[in-house]
Protein chains: 2
Amino acid sequence: MTKIFSHQDIEALDNHYRKNFINSLPGLKPVNLIGTTDKYKQTNLAIFASVNHIGANPPLMGFIMRPVSVKRHTWQNIKQTESFTINSVTQRMYKQAHQTAARYPREVSEFEATGLDSWYSESGRAPYVAESPVKVGLELEETLDIKANDTKLIIGRVIEVLVDEKLLTQDGTLNLSKADAVTVAGLDSYHSNRFLEKMPYAKPDR
Amino acid sequence: MTKIFSHQDIEALDNHYRKNFINSLPGLKPVNLIGTTDKYKQTNLAIFASVNHIGANPPLMGFIMRPVSVKRHTWQNIKQTESFTINSVTQRMYKQAHQTAARYPREVSEFEATGLDSWYSESGRAPYVAESPVKVGLELEETLDIKANDTKLIIGRVIEVLVDEKLLTQDGTLNLSKADAVTVAGLDSYHSNRFLEKMPYAKPDR
């Protein structure tokens, strides 16, 4: 049976229920950790389920930043340094990744608090997560203000990628099954994955 | 072993490889079908891996539209009707969903071409995918132009949700494992999911 939620039904939902419900609608979302540092080299690490592909040429990725009316260390750091990293989350570390969502005071680094290791490349200014098999270094490219709810789309340009060699395939697609990449439903329900099939390029005549 | 792709390495990649590679960096992405109709009721259905949660109150979802320098039926239809649907893709139908990416002429509906069934609710103007266990009806809320690569973030306001009752849970999070929701790595590599764990709200003291 199908349950219909009308516009009025959705408005009438309890806040907690609506948050979980609306967050589940896009389907299973990728889980990533965004690493930053402030100008005094204090590191920050935060979990995001909104990281997205924006384009391949130039190589761009984006994520949604919630309203900055409350202090968002990730956003403050990106404004200061114009630099951040996006790091994949695996089955082995999703509990630690989830814990970065706790409201630690600014002087506490989520790296130390959760036991994840920070790691710096030669060129990057922002910290990577040593445990992540896919690490992406980005420079701030563009920020768009979403008027509808005072959030932002933050877009970075990919300037470096560090990837576990065993994930590389011949055509460039990463083997995210071998990476044990997790996804999340809503805010807190984690899922593992299993490879099904690589589909051919779609053409009208087949 | 870790392979490092520098800025120069990425620029030097073959176009096809780079497209697959950069599209894989966010991790496993949700797969959705966007249903629209033009003012003459000609339906269109297109697969998107960029559908995202924008906010719960008001309920907002977004997706990335590639440059409209070539004809994009989804975008033309949304401009005309200000209405669209987002429909979940399951293990049973991902092959048909993938096939909607073929460049059919405007007079061919991807519903007919792929064998997916269109379905209309009482209130909605845009077609839903009958087979999808999660169907979301939206009205165009906001369009943001991404200067960096001439793409757009299209944001819709959720005005209706139709969901298979067996996916509903007590706190509002949808059971996307029961839904057999699929994800995609890069452009064409589909994955199934398995539920791992629902994590508690993260607090600094645990």
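Convention: sequence-line order gives letters A, B, ...; per-chain numbering from 1.
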Determine whether a donor-acceptor pair (N or O, by modelled atom type, separation under 3.5 Å) exists between the side chain of B:Asn52 and the backbone of A:Ser50.
yes
Less than 4.5 Å to any heavy atom of chain B: does that hold for the side chain of A:Leu144, its backbone, both, or neither?
both
Checking heavy atoms, do the side chain of B:Asn32, its backbone, both or neither come under 4.5 Å from chain A?
side chain
May I ask you to name which of B:Ile155, B:Leu176, B:Val51 has the most heavy-atom pairs under 4.5 Å with chain A?
B:Leu176
Side chain from CB out, backbone as N, CA, C, O: work out which of these in A:Thr151 comes under 4.5 Å of a heavy atom of chain B, or both, or neither.
side chain
Contacting region of A:Ser6 [heavy-atom separation from chain B under 4.5 Å]:
backbone
Answer key: most heavy-atom pairs under 4.5 Å with chain A among B:Arg66, B:Gln91, B:Lys29 is B:Gln91
Just so I understand: if I count every heavy-atom pair under 4.5 Å between each of B:Asn149, B:Val108, B:Asp171 and chain A, which residue has the most?
B:Asp171
Based on non-hydrogen pairs under 4.5 Å, which of B:Gly55, B:Ala148, B:Gly62 is most in contact with chain A?
B:Ala148
Interface moiety of A:Leu25 toward chain B, non-hydrogen atoms closer than 4.5 Å
both
Is A:Val158 close to chain B through its backbone or its side chain, or both, or neither, when contacts mean heavy atoms under 4.5 Å?
both
Honestly, the part of A:Val163 sitting under 4.5 Å from a heavy atom of chain B is both
Relative to chain B, which segment of A:Ile64 carries a heavy atom at a distance below 4.5 Å: side chain, backbone, both, or neither?
side chain
Would you kindly say whether A:Glu197 and B:Tyr94 are connected by a side-chain donor-acceptor distance under 3.5 Å?
yes
Does the A:Glu142 side chain pair with the main chain of B:Lys147, one donor and one acceptor, at a distance under 3.5 Å?
yes
Can you tell me which portion of A:Gln170 sits under 4.5 Å from chain B's heavy atoms? Options are side chain, backbone, both or neither.
backbone
Under a 4.5 Å heavy-atom cut-off, does chain B meet the side chain of A:Asn23, its backbone, both or neither?
both
Considering non-hydrogen atoms only, spot the tightest contact between B:Pro26 and A:Pro30 and give its length.
O-CB, 3.1 Å
Could you look at A:Leu13 and say if it's the side chain, the backbone, both or neither that has a heavy atom under 4.5 Å from chain B?
neither
Which atoms of A:Glu160 come close to chain B, meaning under 4.5 Å heavy atom to heavy atom: side chain ones, backbone ones, both, or neither?
both
Under 4.5 Å from a heavy atom of chain B, the part of A:Met61 involved
side chain
Which bit of A:Leu174 comes within less than 4.5 Å of chain B, counting heavy atoms only: side chain, backbone, both or neither?
both
Would the distance check show the side chain of A:His98 and the main-chain N or O of B:Tyr201 forming a donor-acceptor pair, the cut-off being under 3.5 Å?
no
Answer with side chain, backbone, both or neither: which region of A:Asp9 has an atom nearer than 4.5 Å to a non-hydrogen atom of chain B?
neither
Quick check: does any side chain N or O of A:Gln99 sit under 3.5 Å from a backbone N or O of B:Lys203, one acting as donor and the other as acceptor?
yes
Looking at chain A, which one of B:Ala179, B:Gly186, B:Ala185, B:Ser88 has the largest number of heavy-atom pairs inside 4.5 Å, strictly under?
B:Ala185
Residue among B:Met1, B:Lys135, B:His7, B:Glu11 with most heavy-atom pairs under 4.5 Å to chain A:
B:Met1
Per-residue tally against chain B (heavy atom, under 4.5 Å) across A:Val184, A:Leu28, A:Leu187, A:Thr2 peaks at A:Leu28
Portion of B:Thr114 that has a non-hydrogen atom of chain A nearer than 4.5 angstrom
neither
